[in-house]
Structure formats: structure tokens, C-alpha cells
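Take a look at the structure set out below.
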Amino acid sequence: MILAAAQRQGRVMVDSLAAELGVSAHTIRRDLNALCEDAKLRRLHGGAEFIDGSANMPYAARSVLNLEAKQAIARATAALVPDGATVFISIGTTPALVAHALADREGLTVVTNNLNAALALSGNGAHRIILPGGELRLPDLDILGAAALEMFAAYRADIGIYGVGGIDSDGSLLDFHEPEVRVREQIRAGSRRAVLVADCSKFGRRAAAVGGRLEAQDLIVLDRRPEGAAGALLAPLGARVIIASEAQEARP
């Protein structure tokens with residue numbers, strides 16, 4: 001009911017929802033928080049606004065959305081990368097957090113079109129960082145297009161790390177622009193081990209450009225184990241799915 005009201009009105013406010021539904025403001029805030037964690041709504045002062053699932057959120061908003069979940073994914077993914085590896089890192093907030101988690105590794109060769117990832121790694125002089133030429137896309141601080149494709153095609157990575165805009169109900173991988181799909185698929189094709197990183201809000205999230213399949217990934221790192229249809233999609237993949245929360249609990 002809250003989500004439907006937000007979609008209809010564009011935004012909803014805590015006090016008015018509490019009065020309309022006859023529940024406490026605390027209950028409304030809890031429900032809004034849950035919807036925001038699932039990337040269905042975006043918090044405003046005193047309420048929340050509807051997110052158009054077919055359009056991507058601004059980078060600043062994405063960078064703090066589900067932050068703890070993304071940080072857990074980043075730690076679990078970084079654990080897969082040994083010193084001295086050649087690593088592809090894609091655009092997106094979760095891959096950028098993986099780069100932060102890799103900053104203290106030694107002697108990585110990092111090929112990336114994600115300037116946020118490059119900056120996160122740049123404090124360690126033992127790393128070699130390779131970037132494409134071309135126009136910097138603002139405010140995301142990434143580079144797409146022919147130069148990025150050519151750069152990734154010129155290298156072979158031990159491990160490729162990339163995010164995705166959404167995961168459709170049939171397991172198709174979605175992004176908001178076709179060049180994002182092409183670069184992501186080039187990263188996958190050029191990696192000895194291809195790793196998709198995604199928090200569970202990506203399941204069922206709509207985006208217009210399609211390319212790649214969930215089952216084609218070597219590894220998938222998620223924040224938690226999804227339920228329902230999303231869980232059924234992952235069930236046949238077995239040990240290829242890494243759950244960050246479970247990996248954390250397994251560490252001594």
C-alpha cells in the first residue's frame with residue numbers, strides 16, 4: 001500500500017501515512033526503511049519518494065544505498081584476489097568498494113574504466129593502474145565507449161569484477177545503457193575468473209539494456225541469500241554463489 005501510494009503520488013510522508021493507515025509513525029518509518037533498502041523508495045526528510053525502476057539513480061544516491069551490504073560484498077570479493085593478480089574492475093558503486101577493499105594488496109595490475117576505483121587504489125604505489133582514454137561520464141566518473149572496449153580487449157585478467165544494473169526474473173542481466181552491457185561482457189570474456197557482484201536489491205530491478213545471463217558467471221557474490229523466485233534462480237548454481245554474510249561468519 002505504501003509503495004503504491006508513492007508510485008501514484010511521487011512521494012509519501014510519514015505523518016500523513018500514519019494518520020491515513022492508523023498506525024504509529026515508528027511503524028511507517030520501519031516500513032519505509034525496508035522499502036528503501038530494497039531500492040523501491042528513496043528517503044526524504046520526513047518521508048520517501050518513488051524510484052523509477054527503469055532509470056538509474058544519481059551516483060551520489062547509489063553510493064550510500066545498501067552501503068553495509070555492498071561493503072560486505074566488497075570484503076568477500078577482495079578475499080578472492082591474491083597479491084600480484086591482474087584485475088579488471090567495472091563501473092559502479094559496488095566495484096568501486098571492492099577497489100577500496102583491495103587497496104592494501106601488493107602488486108596488482110588493475111585495468112578499469114571506473115575512476116573512483118582507480119583513485120581508491122592510487123594510494124598504494126605497488127599497484128599498476130591502467131585507464132582508457134575518452135570522455136569522463138559525470139557525475140559517475142567512469143568511461144564507456146570504444147576506448148574502454150579496446151582497453152579491456154587488450155588485456156587478460158586473472159579475475160574480472162563487475163556489477164549490473166538489474167537481474168530479470170529469467171536470469172538475464174540488465175543495465176541502463178547498451179555500452180554498459182558491451183563493456184561488462186568484454187570484461188567477462190577477458191577474465192580467467194569472472195565475478196558478478198550485486199546486492200539483492202538488483203533482483204527484479206528493471207533496466208532497458210540486456211546482455212549476459214546469471215548462469216554464465218563463474219562466481220556471483222551477494223550480500224545475503226535471496227528468497228522466492230530469486231533464490232530459485234540461484235539454486236542450480238550451487239558453490240558458484242558466495243554469500244558475503246555467510247563468508248564473514250565462517251572466518252575465525
Side-chain angles (χ1 to χ4, degrees), residues 1-77 92-98 100-101 163-176 196-208 214 220-235 237 241-249:
M1 183 179 295
I2 292 175
L3 184 60
Q7 185 172 12
R8 184 174 62 252
Q9 302 167 18
R11 62 178 59 190
V12 288
M13 307 306 290
V14 171
D15 290 343
S16 59
L17 280 173
E20 179 182 347
L21 299 177
V23 297
S24 69
H26 173 77
T27 298
I28 296 297
R29 290 191 190 95
R30 183 194 62 204
D31 292 345
L32 289 179
N33 286 338
L35 289 166
C36 290
E37 287 175 3
D38 288 339
K40 300 293 195 322
L41 300 178
R42 180 166 49 238
R43 283 308 300 260
L44 299 171
H45 180 67
E49 64 181 348
F50 180 72
I51 295 173
D52 181 358
S54 63
N56 207 359
M57 295 170 60
Y59 189 90
R62 285 184 282 127
S63 67
V64 297
L65 184 68
N66 300 330
L67 181 58
E68 290 185 4
K70 292 176 181 178
Q71 288 172 331
I73 291 168
R75 290 190 295 270
T77 305
T93 59
T94 306
L97 288 169
V98 176
H100 277 279
V164 68
I167 303 170
D168 213 345
S169 58
D170 65 353
S172 297
L173 303 185
L174 308 175
D175 272 302
F176 293 90
L196 173 65
V197 294
D199 66 87
C200 284
S201 71
K202 298 298 177 70
F203 286 96
R205 189 179 184 201
R206 294 176 295 144
L214 199 62
I220 302 162
V221 184
L222 304 172
D223 55 319
R224 56 181 172 81
R225 195 171 295 279
E227 300 176 352
L233 277 176
L234 294 170
L237 305 184
V241 179
I242 296 173
I243 306 300
S245 58
E246 297 173 4
Q248 181 68 33
E249 290 172 0

(request) Identify the two heavy atoms, one from D175 and one from G165, that lie closest to each other, and give their separation to 0.1 Å. (result) OD1-N, 2.9 Å
(message) On a heavy-atom basis, which atom in S245 and which in R224 lie closest, and how many Å separate them?
(response) OG-CA, 4.1 Å
(request) Apply side chain to side chain contact (heavy atoms under 4.5 Å, CB included) to A25 and list each qualifying residue two or more places apart in sequence or on a separate chain. (result) V14, R29
(request) Could you list the residues that satisfy side chain to side chain contact (heavy atoms under 4.5 Å, CB included) with L234, not counting sequence neighbours? (result) F203, L214, I220, L222, P226, L237, V241
(request) Looking only at non-hydrogen atoms, find the nearest pair between D223 and D199 and report the distance. (result) OD1-CA, 3.3 Å
(request) Give, for atom CG of L35 and atom CZ of R30, the distance between the pair rounded to the nearest 0.5 Å. (result) 11.0 Å
(message) I'd like to know if the side chain of T27 reaches the main chain of V23, judged simply by a donor and an acceptor atom lying under 3.5 Å from each other, with no hydrogens or angles considered.
(response) no
(message) Using the rule given for side-chain contact (heavy atoms from CB on, under 4.5 Å), can you reason through V221 versus L196, listing the C-alpha separation, both sets of side-chain angles and the distance that settles it, and then say yes or no?
(response) CA-CA 6 Å; V221 184; L196 173 65; over 6 Å; no
(message) So, using salt bridge (Lys or Arg N to Asp or Glu O under 4.0 Å) as the criterion, who are the partners of R225 when residues are at least two apart?
(response) E246
(request) List the atom of A101, the atom of A74, and the distance in Å for their closest heavy-atom pair. (result) CB-O, 3.8 Å
(request) Go through the steps to decide whether L17 and I2 satisfy the test side-chain contact (heavy atoms from CB on, under 4.5 Å), and finish with yes or no. (result) CA-CA 8 Å; L17 280 173; I2 292 175; 4.1 Å; yes
(request) List the steps and the verdict of side-chain contact (heavy atoms from CB on, under 4.5 Å) for L21 and M1. (result) CA-CA 9 Å; L21 299 177; M1 183 179 295; 3.0 Å; yes
(message) To the nearest 0.5 Å, what is the distance between CG on L173 and CG on D168?
(response) 9.5 Å
(request) Flag the pair L32 / V12 as yes when at least one side-chain heavy-atom distance between them is below 4.5 Å, and no otherwise. (result) yes
(request) Any chance you could measure R205, atom CZ, to I167, atom CD1, to the nearest 0.5 Å? (result) 11.0 Å
(message) With rounding to the nearest 0.5 angstrom, report the CD1 to CE distance, I28 to M13.
(response) 12.5 Å
(message) Tell me whether K202 contacts the main-chain N or O of V164 through its side chain, where contact means a donor paired with an acceptor under 3.5 Å.
(response) yes
(message) Does any part of the side chain of L97, heavy atoms only, come nearer than 4.5 Å to the side chain of L67, both counted from C-beta?
(response) yes
